[in-house]
Amino acid sequence: MSDQGHEHHSDFVPRRFLLAEFSTPAGLLAGTTKMREGGYKNLDMHSPFPIHGTEEALGLKRPKIPLIVLCGAIAGACIAYSLIYFCNVFDWPLNIGNRPPHGPPANIPITFELAVLLGGGSAFMGFFALAKLPQPYHPIFESDDFARASVDAFFLSVELEPGTDIDRALADIRAAGALSGEIVEESER
Amino acid sequence: MAAPQLDVRDPLEPVALIEGAAGHTDKTINDSLLAHVWRGAGKGWWACFAVALSLLGMLVISISWTLYKGIGTWGNNIPVGWAFGIINFVWWIGIGHAGTLISAILLLFQQKWRTSINRFAEAMTLFAVICALLFPLIHTGRPWFAAYWLLPYPSTNGIWPQFKSPLTWDVFAVSTYFTISLLFWFLGLVPDLAALRDSSQSKMKRTIYGMLAMGFRGSGRHWAEYKWSYVLLAGLSTPLVLSVHTIVSFDFATSVIPGWHTTIFPPYFVAGAVFSGFAMVMTWMIPARRFLGLKHVVTMKHLENMNKIMLVTGMFVSYGYLMEHFIAWYSGDPYEFAQFFYTRMRGPMKGIYWTMIFCNVIVPQIFWSKRWRTSIPVMWFASILINVGMWCERYNIVITSLHRDFIPSKWENYMPTWVDISLFAGTIGLFSTLFLLFLKFIPAVAVTEVKELRHELAHDPTADPVGETH
Amino acid sequence: MSCDDNHEARTKDRAKRRSLPIAGQTSSPKYWRSVEERDRTSPVPGAANEFAGGTFDVAQYGQEDGNGGNSVSRRGFMQVASLSTAMAAVGACTKPAHKIVPFVRRPEEVTPGNPLHFATAYGLDGYASGLLVESHEGRPTKIEGNPAHPQTLGATTSFEQSLTLSVYDDDRAKQIRSGTRPLAWRTFLAETAARTSQLGQNGGAGLRFLISPTTSPFLGDLRKRILDRFPSAKFVSYSSVADDGATDGTKLAFGKPLIARHKVASANVIVSLDADFLGEGNEQTRLSREFAARREPSRQMNRLYVVEPAMTITGAMADHRLRMPGGDVGAFLASLVSMMASRGIAALAPLASLTHGQRHWDPKWLVAVATDLERNRGNSLVIVGRRQPAAVHALAAALNVALGNLGNTVEYATPLTSDPTAGVAPLGTLVQEIAGGGVDTLVITASNPVYGAPVDFKLAKLLERVPNSIYFGLYEDETAAACKTMIPAAHPLESWGDLRATDGTVSIVQPLIAPLWGGIQEADVLAAFVGEGDVGAHALLKKFWKTQGKAPGDFDGTWERWLADGIVPGTAAPAEAGLTVDGQALAQAVAPALGAARQGMEIAFASDPKMYDGRFANSVWLQELPHPITKLTWDNAAMVSEATAKALNLEDGDVVEISYRDRRIDAPILRVPGHADDVVTLPLGYGRTGGEKVAAGIGFNAGELRFSDAPWFDRGVRLEKTERQIKFSITQDHWTMAPDGRETPPPVVSATIAEVLNPHSKFHTEVEDRRPDPEHPQPVIHKPVDYSGQPYKWAMAVDLNKCTGCSACVVACQSENNITTVGKENVRKGREMQWIRIDRYYTGSFEDPEVVTQPLACVHCETAPCEYVCPVNATVHSDEGLNEMVYNRCIGTRYCSNNCPYKVRRFNFLNYINDYSAARELGMNPDVTVRTRGIMEKCTYCVQRIERKRISTRIEGRMIQDGELLTACQQGCPTGAIVFGSLNDSNSKVSQLHADPRRYDLLYEIGTRPRTVYLARVRNPNPELGQPEKAGGHE
């Protein structure tokens, strides 16, 4: 929106979140499922540790990480072997103590290591990419309560489309078993 | 903490994994485990840190001197081309392995007791590998070239690295190992960093930990991917840790030198690595749990399990020794035989050999007894002896094998110089410094995982979890 | 223009051309051919005075001789000077830098980058060894033997090899001085002139010359002219290791002083009495070659008996060795003689009574020797060492004559040195004169007599009484300190002169380079006393030879040929004919000398295989060279036998106080296998206190105990153990072949001639198990690379049967390949750098061991274990099977060395080249990379020589012929034990040796397929004495 320069004040539409705390992981799961069935989109849970059943509650698809890692590992192996082959066989073969230039057994270690390196690397990078991290600011941080999400509290957050009836949403979430509910609004920077 | 009313127990194990879990909530766990981070550095910490720093100073001095004058400042000679440098390299790498083993393999086996010590062990891995990484570089004659000629880049010499050399394998193995360990460690750390961020009092700490936490907000969508990438990293680390020490052992196994040229090295090195690694964890964990107040999460059960592992791996190692000698005799190779039955047992360095036998074969046997297995002082001294023994093992393999090989006319003895010794002491200093900083600024126990564990333990499939009564 | 002028011009051209490098083509060994080629090249007019007079101010010290006399060296010098590296060295010279003319005009022989070879000669004790010196752009870099020379036959000793180091030695004296006052040569000449005119008054009564023994006809002539001018002046020759015993002995035997010329080649039986004829003496190089030729395992193989106190390399080669104190050797010989007499050799009858009853030696031994000598009348030889007194030499002469060996295995001839003897006797008289105050001017050109002379002469103190003492020497050594005037000597490679070999053949000594530190030539010093000090050695030398009538007709042409060939034909001196011994007279003469030995422990002095008499003490190469037997470096030691050490409860390195007569010194003990009991052997040449930096503080000075009446050995020495201990830098401890009882295959194989000749002996199965067998090849994983398609397949063979362990190859290799030295501390740590390691193994008992030496350098394994472990491809295989080191690629992991089963790789643990002087850098071989810190190095089979030869033969469009390409070690080896060549040439010497029945591969069993193989050592024991027992051995 920066293209509209001085006017951009007026156009700024803050994202709104409904943030509700649940007492237990189980409660959180139940509440999430309820809300999702209640037709709410963009739900997310926030807990200090992973909770079993999160995927089902949020209705997530299969995680993509395993596939990414597989590709990374295979790429690593191929790069390693072809590199060795290029260097010691194709580009400049030498008589090294009567050993043949292409000695497959001698190539195993590096091939394996590079597979692990790229596999592991893609597991790590993959996660942060998919999670869109690092992300210094997220509207949800506006809530003072939310600090406890990493300590001992279990939150459900719902991103509300513009024009959602807030009171109704609050009512729904209480019905879903939340201890409290609040509206968090993205602050303008 | 309040005396436990209802003691939460691992279904299989009689001893508590978290003592007085009933008295605990996520909050109390959180605070108790982060306490040592918030608590200012005490006298004890500063004392240790001072010692560590002075040792680190020795490291800096001896490295500078080595780079300035050359390897001649060490005790190495021909035939003993490798000495302290490589011993320390192998020793530190070995120590590192226990960390990966604890955090990765035990994770895959779903060993719940792992959670309280894995962070600790992973940190140890990292720091040990950092110490190890120093040596392959500075032990070369021309480090300023070694630093990059080992990498396959189109150089003006037009020559590529020689990929049949175990040293080239080492380069890839060790750097991979370091990278993966770092990623694995950091990934596990992210949620705790978030916790630190959110429970930090001062603005500065909040900002710093905030940056490190990278805006992690415990989102369920994140957790879903997170668990996978964590498990996969663990899955990759497990074969990695085995491969790394296997490859390190290839440095010796692929050569022709009697005492090096043996096929048993890979498994025997890995076992040795785990053996010495666990010993090192013990040596650090026992004081740490006391002074950091972690007794409720690092319980006697953990220590006992580790002692059992040391007993087992110790016997692997002993079997390795037995086999070396058996093959030396059975193969009928006169040089091999002379190496084990003359040079090592009766040669000028027999003291090292017998120390090794005592520390690595005899000492672990005490862990058969439940009483000793659970006695803190006994296990602590044992762990130190085992560290010594494993260092002697490397001395035997590297130096004793080299100093008397095939042709008697070129036999030489070996005598370390002050540089050798201060390099070794220096790496211990480096390790300690890093470790103390770690203990000061990063939760020594994986808080998130302990919370998770508490819930898992408390979880009753039918009803609400126990201990949730607010 | 008168024909005179023409002649003049021609001479100038000649002079100029002669002034250019004469010995010819770069890499062709046929140096002499180049003369003809040269004669075809036309002179460049006017080039004669190209650098006429004072190009740099030579006139300043008067060496300019008007017709380019110095220009060989001057050109060389300017080439040197043009190198920036030389500037430091130049700065040390007396010439102003701005007068140095850079090397702009290239003389036709010099192709930059291609070395030239110049023939010259070097005399250790006055007798010539003919040398060829390799010169790169005027810088001598390598010494080889001159194949045309009757003494060296193309080989060298380690002493000669070390000359290219000492010529660049920065410690050499650089300034003529009188007291502390620096002198210009001209000033010195002026002062000398003044003084001599004074001395002339009374015929030079107060004028004395103390010179080294020399055979130089030229110096002899100068001496004559000096004596003509000063009839009452005297010349005295002195060497602290002189052969006067031999000449005095022949005087006893034949009535006139003679020297023995041995011909080992025709001797079936050799009895060596305290004679290290393979390791020292004027004939050593030739005798080694002749001896080795007769060691071929056949019925013709010779047999060597050695009687000696301390193990020498000759003793190590012996078939039978009897250890006894040096003082008893005479008695042994007497007993031998009388036994021969009793066996009816008439000539010896008068000597029959000489025996001194039963001695401690094994009578069987004596009988066996006697029988063998008798059986081989005419083809036997008795050699006596320089340490033995006249009587023993006389007896030996009598025995040789009686056995009819005269003319066949030995002949006697008039000594060619200007004085028959150069020992303590003549020096004694001089000392008397000095003490009597009768000496006004003493000119000392002898090598460091103050250090070498017997202590009871107290020479240093006496010299204070000489008003005008002039020392002419290479270094500011002990003698320089004791003399008023010091004249820095020009190095043998910087001087003109001439020398004669033992057979009389004359060699012209020509300089390779201008005196780097402004040294003066000996001839100039002597000439100063006939007022010709400013003429220049070259002019004088040439003038002298012009008058000798050796060159009828075109003198200059002949002269050039002499220089090119390195020998003056037709100068050999005939041997004495019709020599007879008067037995009666001899018996009376020697009887007293052979009186029963006195009791007590014997003190014995020995010239050192490395330091000789101390004159090589400043050579780092020789200091670091492992002693051929003890493998000791950077030290000397009081050597005793195991039993003696036990009796005195001494360990190696224990410092003992040696007290003899009224004197005491401290020395560390070293036990040596095969050393005689109750004898302590003290090597000379150490404990130097002169100005030489390298030599300072190395070892102890055995000369402190040397008295004029007992220059070599005497009884009555006492050893007192002190508290002190020192740690030797020994490169190999007393390892036998099976140390600590392990049963690994022995590194060296030795057998008796009988076993070798019997095809079914266990010796043959033993070696067959240790070499490839076409029928049953070693199992391999990888198919062996096929080298048969290559032009060459380089390989080496070392005949342990010929190797005496003299170590000439080690220094030759060091010189050729710019191998650094590491110093005492680093040798002790096991970091010595010599590429060739001569392993010395004992078998048998500590008392009477058999010794086998095995030169071991990189064996160039086809399946080299060092290569596959190098992470950076710094060591790889060449197409022709060389195991190559790529220095600039090496990062120094030392993995290759660890994985080398032979441990022949050397590592630069420190930057040893840091402390090279600028001058020393000039001596480096430009064909070989100088290695810095952190780099692995090893034998390359002299790849630089291979490539040079490859280039030159390619230009000629042909293959390299077998034998025209020599590695440095091979070329230096006096016995021809090392053979190098291509296995693809089935007729090559090396191919034949690889097929030799004695061939075995070191560590064959681990499958490295080495290209260097060994031929087993063979001994020829006397069946009557049986086998020396082969026990496991010691330590």
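Residue numbers begin at 1 in each chain, while the letters A, B, ... track the order of the sequences. Everything numeric here is computed off the predicted structure, so don't read it as measured data.
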Visitor: Heavy-atom pairs under 4.5 Å with chain B are the metric here; pick the option from Asn898(C), Thr932(C), Leu856(C), Val822(C) that has the most.
Guide: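 Going by pairs under 4.5 Å, I would pick Asn898(C).
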Visitor: If I measure from the heavy atoms of chain B, does Cys900(C) come under 4.5 Å with its side chain, its backbone, both, or neither?
Guide: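 Just its backbone gets close to chain B.
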Visitor: Which one of Asn873(C), Leu910(C), Thr893(C), Leu1003(C) has the most heavy-atom pairs closer than 4.5 Å to chain B?
Guide: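 Counting heavy-atom pairs under 4.5 Å, the top option is Asn873(C).
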Visitor: Taking CE in Met415(B) as the centre, count heavy atoms belonging to other residues, nucleotides or ligands within less than 6.0 Å. Is the count above 12?
Guide: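 Atom CE in Met415(B) is not crowded, with 12 or fewer foreign heavy atoms closer than 6.0 Å.
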Visitor: Could you tell me which portion of Ser401(B) (side chain, backbone, both or neither) has an atom closer than 4.5 angstrom to a non-hydrogen atom of chain C?
Guide: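 Ser401(B) has no heavy atom closer than 4.5 Å to chain C.
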Visitor: Among Leu1002(C), Thr744(C), Ile1006(C), exactly one meets side-chain contact (heavy atoms from CB on, under 4.5 Å) together with Phe406(B). Which residue is that?
Guide: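 With Phe406(B) as partner, side-chain contact (heavy atoms from CB on, under 4.5 Å) holds for just one option, Ile1006(C).
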Visitor: Applying salt bridge (charged side-chain N to carboxylate O under 4.0 Å, His left out), can you list everything that pairs with Lys824(C), at least two apart in sequence or on another chain?
Guide: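 Result, salt bridge (charged side-chain N to carboxylate O under 4.0 Å, His left out) vs Lys824(C): Asp635(C).
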Visitor: Considering all heavy atoms of both residues, which atom of Asp405(B) and which atom of Pro901(C) are nearest to each other, and what is their separation?
Guide: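 Smallest interatomic distance, heavy atoms only, reads OD2-O, 4.1 Å.
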Visitor: Only pairs of heavy atoms separated by less than 4.5 Å count here; which of Asn76(B), Ile86(B), Leu150(B), Ile257(B) has the most with chain C?
Guide: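 Of Asn76(B), Ile86(B), Leu150(B), Ile257(B), Asn76(B) has the most heavy-atom pairs under 4.5 Å with chain C.
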Visitor: Just checking heavy atoms, which of residues 162-173 of chain B are less than 4.5 Å from chain C?
Guide: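 Only Gln162(B), Lys164(B), Ser165(B), Pro166(B), Leu167(B), Thr168(B) of residues 162-173 of chain B have a heavy atom under 4.5 Å from chain C.
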Visitor: Just by modelled atom types, is the Asn899(C) backbone N or O under 3.5 Å from a matching donor or acceptor in the Trp260(B) side chain?
Guide: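 Not a single qualifying donor-acceptor pair exists.
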Visitor: Under a 3.5 Å distance rule, please check whether Arg894(C) uses its side chain to pair with a backbone N or O of Gly81(B) as donor and acceptor.
Guide: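 Such a contact is found between Arg894(C) side chain and Gly81(B) backbone.
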Visitor: Salt bridge check, Glu412(B) against Arg831(C): does any charged N sit closer than 4.0 Å to a carboxylate O?
Guide: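 Judged by the 4.0 Å cut-off on N to carboxylate O distance, Arg831(C) and Glu412(B) do not form a salt bridge.
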Visitor: Using non-hydrogen atoms and a limit below 4.5 Å, what part of residues 328-338 of chain B faces chain C?
Guide: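 Under the 4.5 Å heavy-atom cut-off, Pro334(B), Tyr335(B), Ala338(B) qualify.
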Visitor: Between Arg889(C), Lys903(C), Lys631(C), Glu867(C), which shows the greatest number of heavy-atom pairs under 4.5 Å with chain B?
Guide: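 The option with the most such pairs is Arg889(C).
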Visitor: Of the listed residues (Val80(B), Thr73(B), Thr343(B)), which shares the most heavy-atom pairs with chain C below a 4.5 Å separation?
Guide: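 Ranked by contacts with chain C, first place is Thr343(B).
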Visitor: Near Tyr68(B) OH, under 6.0 Å, is it more than 12 heavy atoms from other residues, nucleotides or ligands?
Guide: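 Incorrect, the count does not exceed 12.
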Visitor: Are any side-chain N or O atoms of Asn911(C) and backbone N or O atoms of Gly70(B), one a donor and one an acceptor, separated by less than 3.5 Å?
Guide: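 No.
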Visitor: Answer yes or no: is there a side-chain heavy-atom contact under 4.5 Å between Ile78(B) and Phe909(C)?
Guide: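 Ile78(B) reaches Phe909(C) side chain to side chain.
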Visitor: With chain C as the partner, which of Trp82(B), Phe145(B), Tyr414(B) has the greatest number of non-hydrogen pairs under 4.5 Å?
Guide: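 Ranked by contacts with chain C, first place is Trp82(B).
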Visitor: Is there a side-chain contact (heavy atoms from CB on, under 4.5 Å) between Lys410(B) and Glu832(C)? Walk through the geometry before answering.
Guide: CA-CA 11 Å; Lys410(B) 192 53 186 155; Glu832(C) 62 274 7; 2.7 Å; yes
Visitor: Kindly give the heavy-atom pair with the smallest separation between Ser255(B) and Tyr868(C), and that separation in Å.
Guide: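 Taking Ser255(B) first and Tyr868(C) second, the nearest heavy atoms are CA-OH, 3.8 Å.
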Visitor: Main chain of Pro79(B), side chain of Arg905(C): is a donor-acceptor contact present, judged purely on distance under 3.5 Å?
Guide: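 Such a contact is absent between Arg905(C) side chain and Pro79(B) backbone.
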Visitor: Measuring heavy-atom distances to chain B, does Thr1008(C) have an atom under 4.5 Å in its side chain, in its backbone, in both, or in neither?
Guide: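 For Thr1008(C), no heavy atom lies under 4.5 Å from chain B.
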Visitor: Does the pair Asp251(B) and Tyr895(C) meet the rule for a side-chain contact (heavy atoms from CB on, under 4.5 Å), with working shown?
Guide: CA-CA 9 Å; Asp251(B) 289 349; Tyr895(C) 199 174; 4.2 Å; yes
Visitor: Ignoring hydrogens, what is the shortest heavy-atom contact between Gly830(C) and Asn77(B)? Give both atom names and the distance.
Guide: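 Looking at all heavy atoms of both residues, the closest pair is O-CB, 3.7 Å.
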Visitor: Which residues pass the side-chain hydrogen bond (donor to acceptor under 3.5 Å, both in side chains) test with Tyr177(B), sequence neighbours left out?
Guide: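 Counting only residues at least two positions away or on another chain, Tyr177(B) forms a side-chain hydrogen bond (donor to acceptor under 3.5 Å, both in side chains) with His97(B), Thr100(B).
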Visitor: Between atom OG of Ser409(B) and atom CZ of Arg837(C), what is the distance when rounded to the nearest 0.5 Å?
Guide: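 Ser409(B) atom OG to Arg837(C) atom CZ measures 3.5 Å (nearest 0.5 Å).
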Visitor: Has His261(B) got more than 12 heavy atoms of other residues, nucleotides or ligands less than 6.0 Å from its NE2?
Guide: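 At most 12 heavy atoms, drawn from other residues, nucleotides or ligands, come within 6.0 Å of this atom.
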